[in-house]
Chemist: 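Handing you this structure, nothing more for now.
All values below were derived from every heavy atom in this structure, side-chain atoms included, with hydrogens, water molecules and symmetry-related copies excluded. Residue numbers start from 1 in every chain, and the chains themselves are labelled A, B, ... in the order their sequence lines are given, proteins ahead of strands.
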Protein chains: 2
Amino acid sequence: MKLSDRKKKILQYVVDDYISTAQPVSSKVITEKYMQDISSATVRSELAGLEEMGYLSQLHTSSGRVPSIEAYKFYVSELMDRGQLTQAELGTIKSAFKGHADNMEKVVQNAVKVIAELTDYTSVAYTSHNANDKIVKLDIFRNKPNQALLLIVTEQTLIRDKFIEIPEMMSDAQLDDASRFIGRAFIGKELGEIMQMGEIIANEFDCYREIFNSVMSAIEEYIVKDNGEVATAGEGKILNHPEYNDSQKVQNFLSVVTSKDKLVELLKDNGDNIEINIKIGGEDSADMPKDCSLVTATYSASGVKIGSYGVIGPLRMDYQKVVSVLEGVGRILEDILNDKK
Amino acid sequence: MKLSDRKKKILQYVVDDYISTAQPVSSKVITEKYMQDISSATVRSELAGLEEMGYLSQLHTSSGRVPSIEAYKFYVSELMDRGQLTQAELGTIKSAFKGHADNMEKVVQNAVKVIAELTDYTSVAYTSHNANDKIVKLDIFRNKPNQALLLIVTEQTLIRDKFIEIPEMMSDAQLDDASRFIGRAFIGKELGEIMQMGEIIANEFDCYREIFNSVMSAIEEYIVKDNGEVATAGEGKILNHPEYNDSQKVQNFLSVVTSKDKLVELLKDNGDNIEINIKIGGEDSADMPKDCSLVTATYSASGVKIGSYGVIGPLRMDYQKVVSVLEGVGRILEDILNDKK
DNA sequence: TGTTAGCACTCTTTTGGGTTAAGTGCTAAC
DNA sequence: GTTAGCACTTAACCCAAAAGAGTGCTAACA
């Protein structure tokens with residue numbers, strides 16, 4: 001069933017108005033605020049049609065209309081005007097990143113901070129542990145008689161440190177030797193590659209088998225179990241929005257937003273090649289809090305996607321603003337990341 | 001003014017009852033639940049006395065009494081019974097730490113998780129960047145023509161990575177040389193020590209002055225600016241407590257609990273040598289959320305205090321339970337930390 | 001045939017008063 | 001010093017009435 005142009009216009013007005021006022025929208029406000037040229041009775045019959053089609057609903061017979069999840073989806077994909085950042089907002093974004101590009105983690109933290117500030121929603125980001133990441137440096141050195149610190153630095157400048165057990169009778173020189181030996185074999189290789197060739201080359205390391213196994217399991221743990229880092233900002237912003245005056249809802253929301261594991265689940269498979277990915281309503285994904293929207297963008301370095309960032313908030317989200325802020329941050333992020341590489 | 005024994009008893013009952021029920025306490029419930037041998041009229045006159053002294057207050061003339069901040073302080077220091085952990089709780093604590101001692105960060109994360117779970121309050125922890133921490137390893141290696149990654153590992157197994165600028169015309173061999181040179185001078189020294197001797201030895205490094213300065217400023221930044229790590233768990237637990245049904249209060253609370261900087265401010269100077277430190281009501285400290293209590297314990301390794309952990313929540317907190325959980329976690333933490341060293 | 005004015009209908013929100021319940025402070029007696 | 005008794009205060013509850021918001025329907029109109 002196709003929507004007439006007028007129905008589309010009206011639907012857009014309803015969603016716009018509901019997003020900005022959080023109040024059910026009546027035929028009266030549409031004629032008064034947006035369409036002075038037609039009567040409220042006409043709008044009423046159009047609204048009834050839109051309700052029939054599943055785009056709107058009423059809380060009770062004498063309330064205005066509220067958009068359905070389908071309405072938001074349609075709004076975002078076809079109706080919404082693209083927003084423009086003001087000069088001031090652009091300035092805020094730029095200055096948020098000034099002088100903090102020495103450390104990937106900080107860049108991401110600044111990103112979520114400024115996004116939360118500008119949009120007034122909770123902002124989240126995810127950086128993946130990529131199997132394509134290459135090892136740049138590997139070092140093992142003794143900490144106490146039977147323990148050593150394993151240090152792996154990768155190209156994406158992710159650093160992994162982990163204590164591993166070592167045989168107590170091994171001399172420092174032997175440990176050094178083992179470290180160099182394993183380093184020579186692993187440096188320059190991708191993490192995923194190493195995982196695969198594990199069994200094949202294991203026998204080459206026969207004399208240092210124990211250490212070799214520890215290194216392998218550290219790499220495996222890094223890629224498989226501990227699969228990414230997250231950053232968040234503005235967790236409390238959710239309370240600014242009236243749909244979250246129910247403490248149970250807030251708690252649900254916080255339990256996702258403050259749990260690294262849940263956030264990773266939520267963010268890791270997001271929008272492979274699309275710039276902006278919008279997930280509305282949590283019904284399809286078990287990890288998503290109920291009645292939430294997630295708007296994310298991905299960021300890449302050297303053409304490889306390394307993570308995503310965005311906002312999570314109520315269905316009634318100011319998508320227009322959020323999208324423009326994410327795009328703005330994306331442009332600046334790109335500059336920083338490409339400058340670094 | 002001294003409190004009679006009976007007044008103390010009554011005050012204790014009022015606080016106990018208020019902590020467990022969250023309802024203003026009347027003279028009737030005291031005689032019925034706690035003191036069947038005297039009449040409510042007697043209790044009423046005692047309550048009036050306690051109110052006079054500033055330990056109790058009423059919301060309105062016909063409500064029961066609520067403890068004041070002073071009452072909580074007095075309760076904690078003199079009235080409260082010491083709690084005992086159940087066998088089940090002890091078991092929960094122990095199993096929370098099983099098999100995760102390979103990484104300091106994870107130990108702390110497990111600590112806050114189990115504390116939040118057992119107490120039902122938000123749990124926070126702080127690990128300081130200690131000026132007494134000794135450098136164990138220092139490494140600099142090139143990343144791109146004019147940038148290198150500086151890697152510093154300290155005894156407390158804190159690792160600091162930072163990109164530093166290097167002269168583009170410097171050869172790899174020269175860089176290696178500089179790295180070894182600086183390493184020899186710094187390894188085994190305390191961070192604070194290095195900061196102090198900075199100017200004195202600067203001229204020794206004349207040929208590598210630029211790199212030397214970068215290393216020094218990285219160390220300085222680490223100790224001075226970025227002074228510690230925090231971990232939190234159960235941020236949403238605050239919503240389980242009826243005094244936080246006001247969204248403004250929740251937001252205030254979350255703005256502290258989710259901000260690393262504010263948490264560091266709050267936790268860094270806590271209770272130098274005391275095992276359990278209780279801060280009630282935020283009026284003395286600007287960083288403390290209003291009407292909150294903070295109960296913390298410190299943890300040490302090799303006799304040096306390296307951080308603190310605890311819970312933050314409403315004034316009406318179950319101090320007894322919180323203290324016993326913190327003590328329980330402390331004992332197990334100690335075992336782990338000493339086993340590691 | 002689409003649009004509109006008018007109106008009855010539904011449901012929520014607000015208002016107000018009257019009752020109930022909780023708890024206190026005071027007084028007089030023990 | 002303790003207690004029973006009672007007047008007083010305040011919040012909480014209930015219920016009914018009124019007001020308000022918004023709709024759907026119908027009949028008239030262009």
Chemist: Whether the side chain of B:Ser62 and the base of D:dT10 hold a donor-acceptor pair under 3.5 Å is what I'd like checked.
Modeler: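 Side chain to base: pair present.
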
Chemist: May I ask you to say what A:Ile38 touches in the nucleic acid, namely base, sugar-phosphate or nothing, with a heavy-atom cut-off under 4.0 Å?
Modeler: sugar-phosphate

Chemist: Give the ring-plane orientation class for B:Tyr319 versus B:Tyr72, where under 30° counts as parallel, over 60° as perpendicular and anything between as tilted.
Modeler: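 B:Tyr319 and B:Tyr72: tilted rings.
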
Chemist: Is there a donor-acceptor contact under 3.5 Å linking the side chains of A:Tyr34 and A:Asp16?
Modeler: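 There is no such pair (donor and acceptor under 3.5 Å, judged by atom type) between the side chains of A:Tyr34 and A:Asp16.
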
Chemist: Using the side-chain heavy atoms of B:Ser26, tell me which of these nucleotides is nearest: C:dG23, D:dT23, D:dT2.
Modeler: C:dG23

Chemist: Is the count of non-hydrogen atoms from other residues, nucleotides or ligands lying under 6.0 Å from B:Lys28 atom NZ greater than 12?
Modeler: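 Counting other residues, nucleotides and ligands, NZ of B:Lys28 stays at 12 neighbours or fewer.
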
Chemist: Heavy atoms from C-beta onward define the side chain here; which of C:dT24, D:dT3, C:dC11 lies closest to that of B:Ser39?
Modeler: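 The answer is D:dT3, which lies nearest to the side chain.
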
Chemist: By nearest nucleotide on DNA chain D, pick out whichever of A:Val25 and B:Ser45 is the more 5' one.
Modeler: B:Ser45

Chemist: Quickly work out the B:Leu59 CG to C:dA22 P distance and round it to whole Å.
Modeler: 17 Å

Chemist: Just the rounded figure in Å: distance from P of C:dG25 to CG of B:Leu50.
Modeler: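 Checked: the CG to P distance equals 12 Å.
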
Chemist: Is any side-chain nitrogen or oxygen of B:Thr42 closer than 4.0 Å to OP1 or OP2 of D:dT3?
Modeler: yes

Chemist: Nearest to the A:His60 side chain among C:dT3, C:dC11, C:dT24, which nucleotide is it?
Modeler: C:dC11

Chemist: Can you identify which nucleotide, out of D:dT3, D:dG22, D:dT9, has its nearest atom closest to the B:Ala41 side chain?
Modeler: D:dT3

Chemist: Which nucleotide in the set D:dG24, D:dT2, C:dT24 lies at the smallest distance from any side-chain heavy atom of A:Arg65?
Modeler: D:dG24

Chemist: Would you kindly give the CZ-to-P distance between B:Arg44 and D:dC6, to the nearest whole Å?
Modeler: 14 Å

Chemist: Give B:Ser27 one of three labels, base, sugar-phosphate or nothing, depending on what nucleic acid heavy atoms sit under 4.0 Å from its own.
Modeler: sugar-phosphate

Chemist: For B:Phe74 and B:Tyr55, take the angle between the two ring planes, folded into 0 to 90°, and tell me which bin it lands in: parallel under 30, tilted 30 to 60, perpendicular over 60.
Modeler: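 Tilted: the ring planes of B:Phe74 and B:Tyr55 meet at 30° to 60°.
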
